[in-house]
There are 2 protein chains.
Amino acid sequence: MKHLTTFRLIDAIARTGSIRSAAEQMAQTPSAVQRRLQAYEEELGYQIFDRSPGGVRLNAAGELVIQHVRETMAETVRLRSRIADLSGNRRGHVSLGCSQALVPYFLPARISAYQAEFPRVTFDVQVLEHRAAALALEDFTVDAVLVFSDGGVPEYEVILAVPQTLAAVMARDHPLARHDSLRLWQCYDYPVIAANRGFGGRTLLERSLYDKTFARAPVLETNSFEYLKAHVAATDAVTFQIQIGAPDPGGTGEIVSRPIDARDVPGGQLLLGKKHGRNLSVAASRFVEDIRKQLAEAYPD
Amino acid sequence: MKHLTTFRLIDAIARTGSIRSAAEQMAQTPSAVQRRLQAYEEELGYQIFDRSPGGVRLNAAGELVIQHVRETMAETVRLRSRIADLSGNRRGHVSLGCSQALVPYFLPARISAYQAEFPRVTFDVQVLEHRAAALALEDFTVDAVLVFSDGGVPEYEVILAVPQTLAAVMARDHPLARHDSLRLWQCYDYPVIAANRGFGGRTLLERSLYDKTFARAPVLETNSFEYLKAHVAATDAVTFQIQIGAPDPGGTGEIVSRPIDARDVPGGQLLLGKKHGRNLSVAASRFVEDIRKQLAEAYPD
DNA sequence: CATGGCGTTGCTTGAAATGCACCACCTGTC
DNA sequence: GACAGGTGGTGCATTTCAAGCAACGCCATG
């Protein structure tokens, strides 16, 4: 929207930390950007960026302004969504932040189901860890988040929280796959591979092993979940994944999962959240509601 | 603010109901206004106004847009207020809607007290009846309301509600003035004059008289509270006013008031309210808090 | 001490918004 | 049924405002 160009500019400057890079990002010359910013500051009566030779930084007033700017831009897309909604053809855009565990199965299923009903709704999925997700909510880069948290009070509004335990992931013909459910010590009869520290499931695993005598460091760590899958499929190694991100226990793929006995795993939670007090677009709120229902059914209290 | 000119225009068109009169109000030519509107509608992808030879009217999409427009403009003044606030010199603007009863004593006292502390805060006081007050809150023309309500669930957020009974108003040397408090029937020994139907106190009076045998129609009705006062001061007539709008019982002016026994008057309420979910400017929220405290002290539960 | 990044500014150019005059239309009135 | 007087809409000339270019001064870094 035309009348928001100054706001987009201010947002870009705040994000990049420099007028010149913001100009490049907006396909304009630095002088144009500089002038718009200057005009806005003059109109406001206050500087909103502190200038330094290395770039610019928001000052106290700027922090208030950028909040207003981002909220206004978010409100604008919400307005468009609501208008489109009342003319029947539901279009819109939903921007999500989620943990990696939601990527392989859950979110694709939900999004494609939603898009089957509303093909004109577009999605943006960002994989974020818990802390980054909170920040993204705060500055309006995502409408909602679906993230795994192993504790701590989130500073966003939690729409739904469902408990999540771990599942062991292994090849379909793996000896462990004969059991319906596993104790953690059973898995350590085989080589254990795991995601790097920092991923939600890994933290949960560490805490599960805290006082266990059979605990050993994983024989392999990686930041690639693709690698974990491939490795598990080809060997007798075992890895772990949060329930919702694990392959279907009864699936027919190369790898399957078995739940770990709840006694062995301290409770982690999958949180569906949005920014406090934020009004979502029609599309976004419908989708969030969709997920909420789905999760509430899948994990009845 | 420059980037809001289109919004101001749209607001003006919506209020006046015609492009030409909006243009006049904004000191522009109709063609300029027409073009801006057209440009905005094109950008949005939807018409906002239904055109007719007699003028224009908001359509369904327009209703959503005007809501957004007004909210955005209100948010902008709030932003300015917050920025001004952190630089120390508190300035700002507070727009209030109130019942007539608040005009003679209560509000002037509170506002002047507030302005003594913060001289750069400006005020706008609109006398509105209960229903109009709700509308004014809704379309952001007032920040908060302080109105008398004789029942019904208000659709705005009630910050504080205090009970209000009636007071009889009479000349200082009136025989009734010898009592500390009055029963309603006592007043009807004298000519009763009253405000027109529609004013808060009048409704309360009507309901108080509902099943009373001594009830008589007022010997005079007027829409001028100034007239009521003058008449009462000059004759032995009696009139009624909501407590908070009545002269000080111990005052030294030409007229005094005496409370009516609570048994005779069904409960009315004075409501302090704001729009649901709306964030007020620093100045406005401080002032509202000021009033809330004052009322809570004056009418302890 | 040079170099390369940064913010800032004077001047010129181009585009976009405005104002003017005018059209087409409907509505009520004489 | 002609006629004002109001409405929204538009082509064209003009003005105003924003963008681009090039250059300056600054400071941190190597």
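So that the names make sense, note that chain A is the first sequence line, chain B the second, and so on, each numbered from 1.
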Asker: For the pair A/Tyr40 and B/His3, name the ring-plane relationship: parallel under 30°, tilted 30 to 60°, perpendicular over 60°.
Answerer: tilted
Asker: Could you tell me whether B/Arg15 atom CZ has more than 12 heavy atoms of other residues or ligands within 6.0 Å of it?
Answerer: yes
Asker: Can you tell me the distance, in whole Å, between the CD atom of B/Glu24 and the C1' atom of D/dG5?
Answerer: 15 Å
Asker: Within the supplied structure, the quantity of interest is the number of heavy atoms (other residues, nucleotides, ligands) at a distance under 6.0 Å from A/Glu24 CD; does it exceed 12?
Answerer: no
Asker: Quick one: OH on A/Tyr46 to CG on A/Asn59, what's the gap to the nearest 0.5 Å?
Answerer: 11.5 Å
Asker: More than 12 heavy atoms of other residues, nucleotides or ligands under 6.0 Å from CZ of A/Arg51: yes or no?
Answerer: yes
Asker: Give the B/S/- string for nucleotides 4-20 of chain C, one per nucleotide from 5' to 3', where a protein heavy atom under 4.0 Å of the base yields B, of only the sugar-phosphate yields S, and otherwise -.
Answerer: --BBSBBB-----SBBB
